[in-house]
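A quick note: this is a predicted structure, and the numbers were derived from the prediction, not measured. Every chain is numbered from 1 and lettered A, B, ... according to where its sequence line falls, protein lines coming before strand lines.
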Amino acid sequence: MRIRRALLALCLACGVAATAPATADTPKNMVVMAAMLDEFISLDPAEIYELVPIEYAANVYDRLVRTDPRRPGEILPGLAERWSVADDGRTFTFTLRRGARFHSGREVTAADAAWSLARLVRLNKGPAFLLTQMGFSADNVAERIRATDTTTLVLVTGERYAPTFVLNCLGAWAASVLDRELLLANEVNGDLGNAWLKTREAGSGPFRLVALRPGEALTLEAFPGHWQDHPAMKRVVLRHVPEAAAQRLLLEKGDVDIARNLGPDDLAALRANPDVQVRTVPAADLLYLGLNTRHPAFAKPAVREALKWLVDYEGISRNVFRETHVPHQTFLPAGFFGAIDDLPYRFDPARARALLAAAGYPDGFSATIDVRKGYPGQDLAQILQANFAQAGVKLELLVADNKQTLTRYRARRHDIYQGYWAPDYIDPHSNAQGFAWNPDNGDDSPNRLLAWRNAWDIPDYTRRTEAALAEPDPARRRAAYEALQRDFVRDAPFVILFQKVLTLAERRGVEGFVTGPINDQFFYSGIVKR
Amino acid sequence: MRPARLPGAVARRTLELAATFLGLLAVTFVIGRLVPIDPVLALVGDRASASAHAQALRELGLDQPLWRQFLDYLGQVLQGDFGVSRLTSNPVAEDIARVFPATVELATLATLIGVLGGVPLGVLAALRQGTWVDHAVRVASLIGYSVPVFWFGLMGLLVFYARLDWVAGPGRLDLAYEGLVEPRSGLLLLDALLAGEWEVLVDAWRHIVLPASILGYFSMAYLARMTRSFMLEQLHQEYVLTARVKGLAEWRVVLCHALANAAVPLVTVIALSFGHLLEGSVLTEIVFAWPGLGSYLTQALMSADMNAVLGGTVVIGAIFVGLNLLADVLYRWLDPRVR
């Protein structure tokens, strides 16, 4: 990737770029994006698990409530125009608006919503945890999520959870409200319409699916009957363009309006182009190192802290990432409720050496690091190798495909794992649970999140994470996460390094594409062309 | 061939084919299962509960012993069912029917360019051995050999698409022309021609011409070198001397005698090079956002989507078997000794 970029940059410098390209704009009422579409496994919101498909669900389906991409922690009405929580802290009552319609023309009812949530639990696919973690199971869901009339839905959680948590989960893509009659008409062997929906839609959102050609394009069109949004764009097309340089050329020529997967070199060049505007939005992906505490060195907190002093955050930022990542050291990414921007660690090899000596490793030690092939993983790992060597820590790079390193990581077979973690939904619990919760450290534990994968046995953090999850008062909940992160950043066998930054390059005049930190908060309906 | 033996020969040939495919499938299947990737992970995500993970594993039949999985798969294939791709949720046969024509179109055009350019250049280089013509052809071939295809692709886009506007950008067709032509063969050029949609034809041509030329150049570089060495071998044979002594015109000596003999090994080389292009050229497909077999299979491999990989393997196996048969037939036609 980098060689390719370098070659391209070289040729640009050689003066091939002397003349301005001729441009041919896309139609006025249609927006075309260059994106990566190689991961469309399913279009069923109860099964979708990848970034762009989640974004698809955010635009084709409605939910009971929406999370606000501009104000973390705030909840907006969706198909439910209002809701209340009973004194028991477990019973949520939603009142649905009248007049919202599915793309099929049917009116959306509370029965559709209750059935859709129950369906998520009963299908038990990847994202089912969004509801099962609140105590819903295939056996109890029919009784705990009920439509009491056409506009009222009552939901009773298993325990007391912070209302913001429950609402954030119900505002996630997997809790989309589906057209029950359409799906039941297409049900095969009791699959609740899953096979049919994998390649089709049954939504009520501001856009409807025209066609998905995997590896080629996704085409949506505006749904004129939506209860709230009236998109200016009649069509939205996502074109699969895997090569960043090709995305850039398409954008410069005006064959696409928005390019979404550009590299640092492309962005630098595009900033000088008057026809293009470049915008950066913090994304929720954290780039981090997981230190397996089964490695004798990483079992010692002082060694873990030493490594945090051994990363040249500044240098990496400048040489590898430039504007695509920003330093971030705590587990809640900027843009999340409860996030803090503390950066306690900087590059200080002397301090690291002292900590290592105190822990019994005056000459350092050896460890392997599992790294995803290609840019930026390999580039980063090579710099870390050089950084760590300054305190005698010898890293051996094990470079493999992403799914391969992840498989090793999930089996706790790594010393150090270098990779990304992205929260699945916008609530802070998503990452707190990932990083600081491990109720069962045994090899056969059913919960295999990040703390477990690094064999970090933490009854105290687990209890604090659960307390923050149950805290009904938003201000106190926020304070709980802040305190949790300040301790975590010092103790944890995680070196959190960077937060990814989403960079969007848009043709001048293309405005209103709303982007939050996760793809579930990417909305097309506000896009206009001036 | 005596008629009495014919059924036996056909039966043997069929058995050979069946054994080839069975071996191909078995090896691919085993490799696919040995890859240290958890295929369920690609499906349910990193965050799924243990029960969701186990349920997906069961639904895919991956909890069965390996031999059992393979037999089940073979049973399906024999019924013409290649299963469903885990990556796209479409039947594999449908996916391949969609991506393969894009590759066929590109590979055919590239091979045409390669043959029409490479063979004459190779002949010319052989005839003018050691002169500047020979050196020029050698340099052109070397460049074609050694410069990475993605670099040519990006440079081509930069110059001919972004700056000069002579060709269209990445993709197979502009959005404005999407869906205007009923996909009959899947080959856009042919479909547009059959439907008489001239504007679509022109647009499809503007999209394919650059990637086809670049792949064609590589194929041309290879064929020119091979043709040159085959021709040199023939030109040094005694029958060429005899022909010249007999006073035949030089063009007859070259074309009717030397080239006719060089054509026999050349056919194999062309068939193989066409075969490799039909596997899909991953880098070209990525640079040109070309939805072909190469990127489809690469993606499938990366996600351990074994149904798609096995389906693609069968297609590629069939291509090579078919091309071998074709080369055999052409041999008989070109080489009287084999008849």
Side-chain angles (χ1 to χ4, degrees), chain A residues 4 7-8 11-12 16-17 19 21-22 26-27 30 32 34 38-43 47 49-50 124-129 132-133 195 198-199 211 213-217 219 237 239-243 245-246 249-250 252-253 255 400-404 406-408 410 424 434 446-449, chain B residues 35-39 41-53 55-56 84-90 95 98-99 102 148 150-151 153-155 157-159 161-165 168-172 174-176 178-179 285-289 291-292 295-296 299 301-305:
Chain A
R4 260 185 268 177
L7 285 169
L8 187 68
C11 274
L12 280 168
V16 187
T19 53
T26 56
M30 166 162 150
V32 185
D38 43 16
E39 48 182 20
F40 271 88
I41 292 170
S42 173
L43 293 182
E47 189 171 26
Y49 212 81
E50 306 283 351
N124 195 25
K125 305 279 183 188
F129 75 88
T132 56
Q133 66 181 350
K198 273 172 195 269
T199 53
R213 276 167 303 155
E216 225 175 313
T219 309
V237 179
R239 274 185 64 182
H240 178 57
V241 184
E243 173 61 42
L249 290 176
L250 284 164
E252 286 178 324
K253 286 281 284 181
D255 281 337
D401 176 66
N402 182 36
K403 297 229 166 53
Q404 221 168 315
L406 194 56
T407 304
R408 267 171 65 81
R410 290 170 57 96
D424 295 290
N447 302 297
R448 305 185 166 203
L449 295 172
Chain B
V35 174
I37 295 177
D38 178 357
L41 202 56
L43 217 58
V44 297
D46 195 13
R47 206 56 183 272
S49 67
S51 85
H53 191 279
Q55 185 185 323
V84 171
S85 157
R86 279 174 222 156
L87 207 61
T88 64
S89 296
N90 288 327
D95 272 346
R98 193 187 63 245
V99 297
F150 63 79
W151 188 84
L154 284 175
M155 285 306 109
L157 279 175
L158 194 63
V159 175
Y161 161 63
R163 302 301 155 200
L164 298 174
D165 211 20
R172 277 184 91 188
D174 276 351
L175 286 169
E178 294 279 1
E285 287 180 8
I286 287 176
V287 169
F288 288 95
S295 30
Y296 177 71
Q299 199 55 44
L301 266 173
M302 294 292 189
S303 316
D305 181 359

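- Considering every non-hydrogen atom in both N90(B) and P214(A), the closest pair reads ND2-CG, 3.8 Å.
- Of the listed residues R98(B), R86(B), E285(B), R172(B), the one with more heavy-atom pairs under 4.5 angstrom with chain A than any other is R98(B).
- The two residues A162(B) and L249(A) make their nearest non-hydrogen contact at CB-CD2, 3.8 Å.
- For chain B, the nearby part of R410(A) is the side chain; its heavy atoms alone come within less than 4.5 Å.
- Between D165(B) and K253(A), the shortest heavy-atom distance links the atoms OD1-NZ, 2.6 Å.
- Taking Q133(A), E216(A), H240(A), R448(A) one by one and counting their heavy-atom pairs under 4.5 Å with chain B, the maximum is reached by E216(A).
- When heavy atoms are compared at a cutoff of 4.5 Å, D401(A) approaches chain B solely by way of its side chain, counted from C-beta outward.
- Chain A forms the most heavy-atom pairs under 4.5 Å with one residue out of G171(B), A289(B), A52(B), and that residue is A52(B).
- Each of D424(A), T199(A), V241(A) has some count of heavy-atom pairs under 4.5 Å with chain B, and the biggest count is that of D424(A).
- For S42(A), the side-chain contact (heavy atoms from CB on, under 4.5 Å) partners are D44(A), E47(A), K198(A), S89(B), not counting sequence neighbours.
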TODO: Under the side-chain hydrogen bond (donor to acceptor under 3.5 Å, both in side chains) rule, what do S51(B) and N124(A) come out as? Steps first, then yes or no, please.
DONE: CA-CA 8 Å; S51(B) 85; N124(A) 195 25; 3.1 Å; yes

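- With a 4.5 angstrom heavy-atom cutoff, E50(A) touches chain B only via side-chain atoms.
- Heavy-atom pairs under 4.5 Å with chain A were tallied for V84(B), D174(B), L87(B); the largest tally goes to L87(B).
- Contact of R408(A) with chain B is not made at all, since no heavy-atom distance falls under 4.5 Å.
- Contacts of L250(A) with chain B are made by both backbone and side-chain atoms, with heavy-atom separations under 4.5 Å.
- Options P170(B), G153(B), G169(B) differ in how many heavy-atom pairs under 4.5 Å they form with chain A, and the most are formed by P170(B).
- You'll find the side chain of V32(A) reaches within 4.5 Å of the side chain of L175(B), heavy atoms only.
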